[in-house]
Amino acid sequence: MLLSSLVSTSSQVAATSGRLAKITLLADLLKQAGPDEIALAIAYLSGTIRQSKIGVGWATLNKAKSYVATTPRLTIQEVDATLEKIAMTAGKGSATEKQRLLSDLFSRATAEEQDFLFRLLTGELRQGALEGIMVEAVAKARDLPASEVRRATMLAGNLGAVASGDVASFKVELFRPIKPMLAKTATDVDEALAELGPASFEYKLDGIRIQVHKRGAEVRVYSRTLNDITGEVPQVVASVKGLKVGEVILDGEAIVLSADGRPLRFQETMKGLGSAVPFFFDILYSDGASLLDQPYSARTKLLPEAHRPPHIVTADANAARSFFDAAIAAGQEGLMAKGLESKYDAGRRGGAWFKIKKANTLDLVVLAAEWGHGRRHGRLSNLHLGARDPNGGFVMLGKTFKGLSDELLEWQTQQLLEKEVKREGHIVYVRPELVVEIAFNGLQDSPHYPGGLALRFARVIRYRDDKKPEDADTIETVRKLHGTGA
DNA sequence: ACTGATGCGTC
DNA sequence: GTCGGAC
DNA sequence: GTCCGACGACGCATCAGT
């Protein structure tokens, strides 16, 4: 199949707003793909490549730009072969060689094809369709219910594999990881209870998600994105080997504990993954049987109790609230709330799981803003945030672009341009006059920012028109917050 | 041997 | 990871 | 309910250049 056919479909998809229309376009292309092409077509049109990573990003792609072909001759198999070569290059001189292979590939591509490859390889396809839409397209092309394709994909771990073959034949299998179930956010336990009724509340541990597969002494550990991280978490492996179970798939979180049993901060956990220990909150498979469709309350009974995070079952808001306070006091991130009757909704966020975290707010000053990309093109989007320095000036604590409606984006662009003092690249520096209320989930030590501190998950709540920069929070306040564990 | 750039992973 | 927009 | 696309923080591995 010619790359140009894919690119043409991609452009049409990008130019179409309706999802159903996108699905039709994609399905039509898939019907034209041969059996040895369809997996590649699916990957490229959902913004992924077969190699998953090839050590090439925006910088390398920019340097590799070269001639433009006039006739589209590249096939998707040729693209795949080149990407495979690039992925395989390693060691001294590999950066140059990757660049050479890329230049060579680009020189055989038309302008539209180069643009497509650039977006594909930077992970910014921007056609308004990725795997979620592609699942529907595969279903349409094969004339199957989308739910069956979705289920097979979750079990196969790969949509391409589902494009051909018997969809009903996919089963839960040891050492083939399943996409983990995700959670929605709730602002407090009351909201979670209102949604779920009686629920299981569990400490939310601030580590990394793990899915552990065990058959006898054989143990493998997978990350949230299904990477095999067995070699990085030896303590998890050792711990699981000690469990008195035969075949099992467990879902949980790995964190590092200090000597007194309190959790280390996330940053420290990342530095010391080798000593991370597992906590398990779900079980997906046991001794030959899938448990995905069992109710949560039944699954949790099969968990190794010694390795569960602290948990209660309650419908009482006061009990849940004090459990939340206990979690925070213990240095944890907050709570998870889970519906007792819920199935394991692999790969989905829509199910009966809620996360409840604690957030702080600060009033900070906008120091600069960056021009947006894509749908934010032409708008000042990413804000540079500073705390007031009592000795004069401001200390930058991070950036955010989140929490802004289109309307607010428009407003802030006008406001900031009026206050512009200089430009450097895509950054517009402004007089520090606008105060903005920022929510965030914690402070981290920063090796990069001047105050040695940075905000985690910062987002805009609202502009504080009622405040002047001299009313903004100071860096001292922020340091104090950091000291209390925020 | 060290530093900075780059890519990619976790959240 | 969070958030807003669009379907 | 769901999906997508805006982009944040750090830590680590690898490679190029000094």
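Since the model is a prediction, treat every value here as computed from it, not as a measurement. To find a chain, count down the sequence lines: A is the first, B the second, and so on, and within it residues start at 1.
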From NE2 of A:His377 across to P of D:dG5 the rounded distance in Å is 18 Å
*asked:* Just N and O in the side chain of A:Arg19: are any of them under 4.0 Å from OP1 or OP2 of D:dC4?
replied: no
Worksheet item: Just by distance, with hydrogens left out, do A:Asn441 and A:Glu333 show a side-chain donor and acceptor under 3.5 Å apart?
Response: no
Among the nucleotides D:dT2, C:dG5, D:dC7, whichever has the atom closest to the side chain of A:Arg348 is D:dT2
Side-chain atoms of A:Ile133 come closest, of D:dC7, D:dC3, C:dG5, to D:dC3
note: A:Arg349, atom CZ; C:dC3, atom P; distance rounded to Å ~ 11 Å
Whole-Å distance, A:Leu45 CG to D:dC4 C1', equals 16 Å
What class does the angle between the rings of A:Tyr429 and A:His384 fall in, given that below 30° is parallel, 30 to 60° is tilted and above 60° is perpendicular? perpendicular
Rounded to whole Å, the CH2-P distance (A:Trp411 to C:dG4) equals 16 Å
| query | According to a strict under-4.0 Å criterion, is A:Lys399 in side-chain N/O contact with OP1 or OP2 of D:dG8? | reply | yes
Within 45° cone of A:Phe281 ring axis and under 6.0 Å: A:Lys338 NZ or CZ
yes
Give a yes or no on whether A:Lys184 atom NZ has more than 12 heavy-atom contacts from other residues, nucleotides or ligands under 6.0 Å away. yes
Please state whether the phosphate of C:dT2, meaning OP1 or OP2, lies under 4.0 angstrom from any side-chain nitrogen or oxygen of A:Thr185. no
note: A:Ile461, atom CD1; C:dG4, atom P; distance rounded to Å ~ 8 Å
For A:Lys184 and D:dG1, is the shortest distance between a side-chain N/O and OP1 or OP2 below 4.0 Å?
yes
Between A:Glu131 and A:Gln444, the residue closer to the 5' end of DNA chain D by nearest nucleotide is A:Glu131
In short, A:Ala458 meets A:Ile438 closest at the heavy-atom pair CB-CG2, 3.9 Å
If I pick the P atom on B:dC11 and the same atom on D:dC7, what distance separates them, to the nearest angstrom?
22 Å
Below 4.0 Å: OP1/OP2 of D:dG8 and any side-chain N or O of A:Asn382: yes
Atom NZ of A:Lys179 and atom P of D:dT2 are separated, to the nearest Å, by 14 Å
Q) Under 4.0 Å between a side-chain N/O of A:Arg126 and OP1 or OP2 of D:dA6, yes or no? A) yes
Contacts of A:Gly128 and A:Lys271 projected onto DNA chain D by closest heavy atom; the upstream (5') one is A:Gly128
(message) If you compare every side-chain N and O of A:Arg375 against the phosphate oxygens of D:dA6 (OP1, OP2), does one of them come in below 4.0 Å?
(response) no
**Report entry** Trace of the ring-ring contact (aromatic ring centres under 6.0 Å, His included) decision for A:Tyr203 with A:His311
**Finding:** CA-CA 7 Å; A:Tyr203 280 15; A:His311 54 97; 9.7 Å; no
**Asked** Between C:dG1 and B:dC8, how far is it from one C1' atom to the other, in whole Å?
**Response** 16 Å
Do the side chains of A:Arg209 and A:Asp251 get close enough for a salt bridge, i.e. N-O under 4.0 angstrom? yes
Q.
Does A:Asp445 reach a base, just sugar-phosphate, or nothing at all? Heavy atoms under 4.0 Å.
A. sugar-phosphate
note: A:Leu273, atom CG; D:dC12, atom C1'; distance rounded to Å ~ 10 Å
Problem - Test: A:Arg456 cationic atom under 6.0 Å from A:Phe266 six-membered ring centre, within 45° of axis - result: yes
In whole angstroms, the gap separating C1' of C:dG4 from NE2 of A:His373 amounts to 19 Å
Letter by letter from the 5' end, nucleotides 4-11 of chain B scores (B base, S sugar-phosphate only, - none; protein heavy atoms under 4.0 Å) --SSSSSB
So, with a heavy-atom separation below 4.0 Å from DNA chain B, the residues of residues 85-101 of chain A are none
**Prompt:** Is the phosphate of D:dA9, meaning OP1 or OP2, less than 4.0 Å from a side-chain N or O of A:His448?
**Reply:** no
Using only side-chain N and O atoms of A:Gln267, determine if any of them is under 4.0 Å from OP1 or OP2 of D:dG11. yes
Mark yes or no for whether A:Gln332, through its side chain, and A:Ile328, through its backbone, hold a donor-acceptor pair below 3.5 Å. no
Mind listing the side-chain donor-acceptor pairs of residues 128-135 of chain A below 3.5 Å, one per line with the distance, residues two or more places apart or on another chain?
| from | atom 1 | to | atom 2 | distance (Å) |
| --- | --- | --- | --- | --- |
| A:Glu131 | OE1 | A:Lys179 | NZ | 2.6 |

Geometric cation-pi criterion A:Lys357 and A:Phe324, 6.0 Å radius, 45° cone = no
